Amino acid sequence: MHMADINRDGTEDRVIERTTVVNTDGGGGSGGVIAVVVLLAVLVIGYLLYSNGTFGGSKTEIKVPDSINVNVT
């Protein structure tokens, strides 16, 4: 079986291994932590507003009079 010229240098018997190094230092990943903190803050604020009745947690009654008397002079 005939091997292909992997290195494209005219030889078929030598294989050169190449390694790619990806540097992930420099603050990567802090966006996920910020997203979790913001999500928790929104949930806590929503719960507090709901328990206070801002979103309809308590019953609100509106009384409308049957008639309105208007005097024009």
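Keep in mind that this is a model prediction, so the values were computed, not measured.
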Connected to L40, directly or through other members, by ILVMFWY side-chain contacts below 4.5 Å are V36

Rounded to the nearest 0.5 Å, the CZ atom of R18 sits from the OG1 atom of T20 at a distance of 9.5 Å

The side-chain contact (heavy atoms from CB on, under 4.5 Å) partners of V70 (sequence neighbours excluded) come to I68, V72

Sequence neighbours excluded, the answer for side-chain contact (heavy atoms from CB on, under 4.5 Å) partners of L43 is L39

